[in-house]
Amino acid sequence: MTTFDADGLTLHEVEANVWELERDDGMDVPARVFANEDLLEHIKDDRTLSQLRNVACMPGAVAPALCMPDGHQGYGFPVGGVAAFDAEDGCISPGGVGFDINCGVRMVKTNLTYEDVRGREEELVEALFDAVPCGLGGGGVHDGNHTDLEKALERGVDWCLEEGYAVREDLEHCEDEGMRPDADPDAVSKKAKDRGASQMGSLGSGNHFLEIQRVTDVYDDETADAFGLAEDQLVVLIHCGSRGLGHQVCSDYLRRIEQEHPEFLEELPDKDLAAAPAGSEVAEDYYGAMCAAINFAWVNRQLITHAVRETFADVFDASWQDLEMDLLYDVAHNIAKRETHDVYVTEDGYSLDGDGGRVERDLYVHRKGATRAFPAGHPEVPKAYRDVGQPVIIPGSMGAGSYVLKGGDGSLDRSFGSTAHGAGRLMSRTQAKDEYWGGDVADDLREQNEIYVKAASGSTIAEEAPGVYKDVDEVVGVSDDLGIGDLVVRTFPVCNVKG
DNA sequence: ATGTCC
């Protein structure tokens, strides 16, 4: 059997692109990495694998702890991690969701082609840059107050509909229809709300961006047709999260868990895993606050969508409806969710693939830097896509393509209905700033790739240089080979507004 | 990711 040694641990290749960390005495369940050997090389020297092993030791872990092909080391849990814990006697972990709650991405379609925008990239980017607040700090598309914020936290995109920032079809083309009903605004601190009120409809910083892209390749004609995507079509990708509000919710609950459950923390292999026992008051409060932050992030992306539609209408002198700027889909990348899954009880604990006795379990499924990828026929896939599978949007780096996949038939048996979320970082932000200078990166993109980039700060461009990321082609290739998310189309950047 | 430490 092929093995791969990394981070002081040994992986065994149990089938093509599936590497297992065998269960040792400390682990409740085995752990698995979905990757090829090139991708494994990238996690050889960081803490990804030991972090994944730690996740497999957590109370109530069900079936394997998983790392997607774009995985890398994170805070407590690896980014690219998928982990399910029993919702009755397991746990929920802010570290398993991440600081940027419901960081995610949506794709807005247009009926324009690359020819329509060619030569007007600078004009379009300047107009978008003026219309969508970006970078660190306050300011948003909607001049928020606390009354609006409460409604946004409670109702998500449904609030945008009432305010004229959304149409009914936007809700129908969003994961969870843009609203988590379990949201509990009372569980969100005043400090978090203060930060959120001034950031309603803002891009933020880091890897967040607004990008105009063109469809360059169609791999699956039938599904592309169902998604309304065709070669040469212009689309808009909006990638952002819950800004300071989500960050504050995460920080608040990490502190509360430390204060209220020190004995529970003590038993975890790493304090950064910071889980709350299922059923405890803090677990319920965190779930309610996290769901409110999820709603906030959806409102954020919807408000930006509104601003993008108005900007396109201005620049191209036509209404956004005439430009057919409909939402393809909006997916969350950093969330935990109560979901019911079929699992199988085996001698070794649990499996997902039908070996053993079937039981239905209520779980907290954590997707941290991972995308839900439900297959055709699943009741939570919107009606428009029920026959083909949900759209899965995977952004690449600034200089690389992005992909639209469809939820694969293998995703429920392999990964709790999940796949990768992006290219995945190769190096830290600090290291990136040593290796690159923002101005040079932007010049290279313009001269070599004809991609026009405008950013709030030069150092952000350096931190996000294409060379800082893995090869997204390899990431989606593994997803497609495993049948957890299947290739539909590839896009390539035309111009980009960076936070 | 993030008013990159209240």
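Order of the sequence lines sets the chain letters (A, B, ...), proteins ahead of strands, with each chain counted from 1.
Straight-line distance from the OH atom of A:Tyr75 to the C1' atom of B:dT2: 13 Å, rounded to whole Å. A:Asn102 places its CG atom 13 Å from the P atom of B:dT2, with the value rounded to the nearest Å. Computed from coordinates, the A:Asp100 CG to B:dT2 P distance equals 6 Å when rounded to whole Å. Remark: P of B:dT2 and CZ of A:Phe296 are 11 Å apart, rounded to the nearest angstrom. Remark: P of B:dT2 and CG of A:Asp252 are 16 Å apart, rounded to the nearest angstrom. Atom pair A:Leu254:CG and B:dC5:P shows a separation of 15 Å (rounding to whole Å applied). In this structure, A:Phe99 atom CZ and B:dT2 atom C1' are separated by 8 Å, rounded to whole Å. In this structure, A:Lys433 places its NZ atom 8 Å from C1' of B:dT4, rounding to the nearest Å.
A:Tyr287 meets the ring-ring contact (aromatic ring centres under 6.0 Å, His included) test with A:Tyr364; sequence neighbours excluded.
Between A:Arg429 and B:dT4, a side-chain N or O to OP1/OP2 separation shorter than 4.0 Å is absent.
A:Ser251 comes within 4.0 angstrom of nothing in the nucleic acid, heavy atoms only. Among the protein residues, A:Gln199 comes within range of the sugar-phosphate backbone only, with heavy atoms under 4.0 Å from sugar or phosphate atoms but none that close to a base. Heavy atoms of A:Gly206 sit under 4.0 angstrom from primed sugar atoms or phosphate atoms, though from no base atom.
Residue pairs meeting the salt bridge (charged side-chain N to carboxylate O under 4.0 Å, His left out) criterion with at least one member in residues 265-279 of chain A, sequence neighbours excluded: A:Glu258-A:Lys271.
A:Thr305 is listed as a side-chain neighbour of A:Arg106, based on a closest heavy-atom distance under 4.5 Å.
In summary, the side chains of A:His208 and A:Asp100 do present a donor paired with an acceptor at a separation below 3.5 Å, with no hydrogens or angles considered.
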